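What you see is a predicted model; the values in this text were computed from it and never measured. As a basis for the values below, the full set of heavy atoms in this structure was taken, side chains included, without hydrogen atoms, waters or symmetry mates.
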Amino acid sequence: LVLGGQTPELMNTLNLTAEGAGFYKQERLQVTLTLVKGSLEARTTCSAGEFDICPIGIEPLITDYRKGVRLKMFLSRAAKFTYVYGVLETSPIKSLTDFKGKVIGVHSSDGSTAQGATESGLTVAGLKSSDYKLVTIGRDDDAMGALVSGKVDGAALPYYEFIPYIIAGRKLRFFPHPALADVTNSGYAVSPAIMAAKGDQVKRFSRAIVKSALLIRYNPPAAARAILIALGKPYNDADLKRKVAELMAWEAYLPAGDPSGNRIGAINQPGVAAYMDLMKSAGVISETVPVSDIVNDQFIGPANDFDHAAFEAYAKSLH
């Protein structure tokens with residue numbers, strides 16, 4: 001795996017669970033994680049075949065396609081559109097249309113992911129890019145500080161970045177994407193070359209990730225313990241309690257919303273096509289690209305090819 005160095009820990013929930021719970025080992029995999037400077041370097045090195053798998057948002061796969069970066073998302077790591085619009089509970093903003101004339105904080109105001117995710121939803125709400133202003137607020141405490149201080153009227157960020165503050169008692173109001181709330185825009189991607197050369201390993205990696213999503217659904221404390229083990233740092237009961245709270249807040253967004261289904265991790269391809277159309281309408285991209293060139297579902301069947309009932313019993317038996 002290759003990740004940009006600023007990747008939030010919660011974004012890695014599934015692969016950390018797979019490591020700590022032993023699911024990679026069960027699938028006869030040795031998975032290493034390399035951190036590079038940023039998301040751009042992560043996806044370009046992955047596209048070039050220097051690394052195998054890149055956990056990533058789907059937006060760069062779309063915007064970088066015409067630049068020659070070729071990656072295909074083969075498995076989702078969220079069941080919903082991860083970006084949401086957050087405001088303080090005391091804010092007068094009660095709908096997306098209320099952002100007219102307002103300042104919205106994003107990771108980077110010139111970044112394709114933030115722009116695509118944010119502007120596509122506001123376009124559906126009837127707003128033009130001239131109706132609001134996007135400003136860079138960074139991540140974590142910097143981002144939340146900008147929101148709390150009133151520097152921005154709202155923040156458009158992945159939901160998992162709000163979770164630590166929700167757990168800490170910060171009162172926030174959220175608005176999901178008005179057209180794509182149940183369409184994932186986040187997953188795991190590989191280059192076509194790696195998909196062809198290491199298809200069996202990608203298949204087994206996918207199965208380990210699906211098991212991780214199910215473990216979180218069936219037994220959050222066991223999953224939390226697995227994550228803390230994978231992080232490799234000493235932890236105490238307070239750390240475990242906080243991690244369980246984070247998982248329970250994040251659970252609805254994870255891929256095993258229907259644990260009885262056999263398509264866990266699948267990506268809604270018509271939804272991705274609709275997303276590209278919205279990105280084009282918002283002016284984020286000048287033309288759409290073939291969905292089949294950026295999304296692949298050939299590993300979804302193998303990823304779910306295990307006894308789900310037996311796994312449920314196993315997951316619930318863990319302490």
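- One finds the OG1 atom of T17 at 10.5 Å from the CD atom of E19 (value rounded to the nearest 0.5 Å).
- Proximity of a side-chain donor or acceptor of D307 to a complementary backbone N or O of A309 within less than 3.5 Å is detected.
- Side-chain heavy atoms closer than 4.5 Å link hydrophobic residues (I, L, V, M, F, W, Y) into clusters, and following such links, possibly through other members, connects L180 to M276.
- Nearest approach of P255 to I264, heavy atoms of both residues: O-CG2, 3.7 Å.
- F99 CZ to T97 OG1: the interatomic distance, rounded to the nearest 0.5 Å, is 10.0 Å.
- One finds the CD atom of E59 at 6.5 Å from the OH atom of Y83 (value rounded to the nearest 0.5 Å).
- Residue-environment remark: CZ (R70) exceeds the threshold of 12 foreign heavy atoms within 6.0 Å.
- In this structure, CD on E119 lies 12.0 Å from OG on S281, to the nearest 0.5 angstrom.
- Remark: R217 engages E251 in a salt bridge (charged side-chain N to carboxylate O under 4.0 Å, His left out) (not counting sequence neighbours).
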Tell me, with the steps shown, if L214 and E312 meet side-chain contact (heavy atoms from CB on, under 4.5 Å). CA-CA 8 Å; L214 286 169; E312 177 181 1; over 6 Å; no

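- Heavy-atom minimum distance, S286 versus K280: O-CE, 3.4 Å.
- Using a distance-only test at 3.5 Å, with no hydrogens or angles considered, a donor-acceptor pair links the side chain of T184 to the main chain of A78.
- Among residue pairs with one or both ends in residues 2-30, those qualifying as ring-ring contact (aromatic ring centres under 6.0 Å, His included) are F23-F311, Y24-F205; sequence neighbours excluded.
- Across E246 and P164, no two heavy atoms sit closer than the pair OE2-CG, 4.5 Å.
- Here the side chains of L61 and D293 are not in contact, with every heavy-atom distance at 4.5 Å or above.
- Looking at V135 and K151, their side chains never come closer than 4.5 Å, going by heavy atoms from C-beta outward.
- Of the possible polar contacts, none joining the S47 side chain to the R43 backbone as a donor-acceptor pair under 3.5 Å is found.
- The shortest side-chain heavy-atom distance between I227 and L247 falls under the 4.5 Å cut-off.
- The closest side-chain heavy-atom distance from R77 to M11 is below 4.5 Å.
- Of the possible donor and acceptor atoms, one in the side chain of R173 sits under 3.5 Å from a partner among the backbone N and O of I93.
- Just one residue in the list V87, T90, V148, L147 forms a side-chain contact (heavy atoms from CB on, under 4.5 Å) with L172, and that residue is L147.
- Nearest heavy-atom pair, T13 versus I216, reported as atom, atom and distance to 0.1 Å: CG2-CD1, 3.4 Å.
- Y132 OH to L122 CG: the interatomic distance, rounded to the nearest 0.5 Å, is 4.5 Å.
- Clustering ILVMFWY residues whenever any of their side-chain heavy atoms sit less than 4.5 angstrom apart, transitively, puts L254 in the very cluster that holds I300.
- No continuous path of ILVMFWY side-chain contacts below 4.5 Å connects L33 to L40, so the two sit in separate hydrophobic clusters.
- The number of heavy atoms from other shown groups lying within 6.0 Å of CG (D237) does not exceed 12.
- Of the possible donor and acceptor atoms, none in the side chain of N185 sits under 3.5 Å from a partner among the backbone N and O of A117.
- With sequence neighbours excluded, no residue forms a ring-ring contact (aromatic ring centres under 6.0 Å, His included) with Y85.
- Between atom OG of residue S39 and atom CG of residue L3 there is a gap of 9.5 Å, rounded to the nearest 0.5 Å.
- Linking ILVMFWY residues whenever their side-chain heavy atoms come closer than 4.5 Å, directly or via other members, places F81 and V124 in the same cluster.
- For F74, the ring-ring contact (aromatic ring centres under 6.0 Å, His included) partners at least two apart in sequence or on another chain are F299.
- Shortest non-hydrogen contact noted between G121 and L96 is O-CD1, 4.0 Å.
- A side-chain donor-acceptor contact under 3.5 Å links S191 to the backbone of I194.
- With a 6.0 Å radius and a threshold of 12 heavy atoms from other residues, nucleotides or ligands, K102 has its NZ atom above the threshold.
- Residues P60 and V69 form no side-chain contact, since every pair of their non-hydrogen atoms from C-beta on lies 4.5 Å or further apart.
- Across K80 and A252, no two heavy atoms sit closer than the pair CE-O, 3.3 Å.
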List the steps and the verdict of side-chain contact (heavy atoms from CB on, under 4.5 Å) for M195 and V202. CA-CA 7 Å; M195 187 174 287; V202 175; 5.9 Å; no

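- For F162, the ring-ring contact (aromatic ring centres under 6.0 Å, His included) test picks out F174, with sequence neighbours left out.
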L157 and H107: CA distance, side-chain angles, deciding distance, side-chain contact (heavy atoms from CB on, under 4.5 Å) verdict: CA-CA 7 Å; L157 302 170; H107 286 151; 3.5 Å; yes

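- Pairs engaging residues 244-264 under the ring-ring contact (aromatic ring centres under 6.0 Å, His included) rule: Y159-Y253, Y160-W250, W250-Y253 [sequence neighbours left out].
- For the pair L215 and Y314, the minimum side-chain heavy-atom distance is 4.5 Å or more.
- Contact of the D98 side chain with the S95 side chain is registered, since non-hydrogen atoms from C-beta on lie closer than 4.5 Å.
- Proximity of a side-chain donor or acceptor of R225 to a complementary backbone N or O of G20 within less than 3.5 Å is not detected.
- Note on I285: it clusters hydrophobically with L71, by side-chain heavy-atom contacts below 4.5 Å among ILVMFWY residues.
- Of the possible donor and acceptor atoms, none in the side chain of D142 sits under 3.5 Å from a partner among the backbone N and O of I137.
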Please report the C-alpha distance between N15 and Y188 in whole Å, then the side-chain angles of each, then the deciding distance to 0.1 Å, and finally whether the side chain to side chain donor-acceptor pair (under 3.5 Å) criterion is met. CA-CA 10 Å; N15 34 288; Y188 297 93; 2.7 Å; yes

Between R263 and D297, does a side-chain contact (heavy atoms from CB on, under 4.5 Å) hold up when you go through it step by step? CA-CA 10 Å; R263 297 280 296 169; D297 67 355; 3.6 Å; yes

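- A side-chain donor-acceptor contact under 3.5 Å links D141 and Y165.
- Contact annotation: the side chain of L1 never approaches that of N12 to less than 4.5 Å [non-hydrogen atoms, C-beta and beyond].
- Classification of D239 and K243 as a salt-bridged pair fails, no side-chain N sitting under 4.0 Å from a carboxylate O.
- A donor-acceptor contact shorter than 3.5 Å is absent between the side chain of N268 and the backbone of V183.
- None of Q201, R207, R204, K203 except one satisfies the side-chain hydrogen bond (donor to acceptor under 3.5 Å, both in side chains) rule with E27; the exception is R207.
- Put simply, the side chain of T44 gets close to the backbone of E41: a donor and an acceptor are under 3.5 Å apart.
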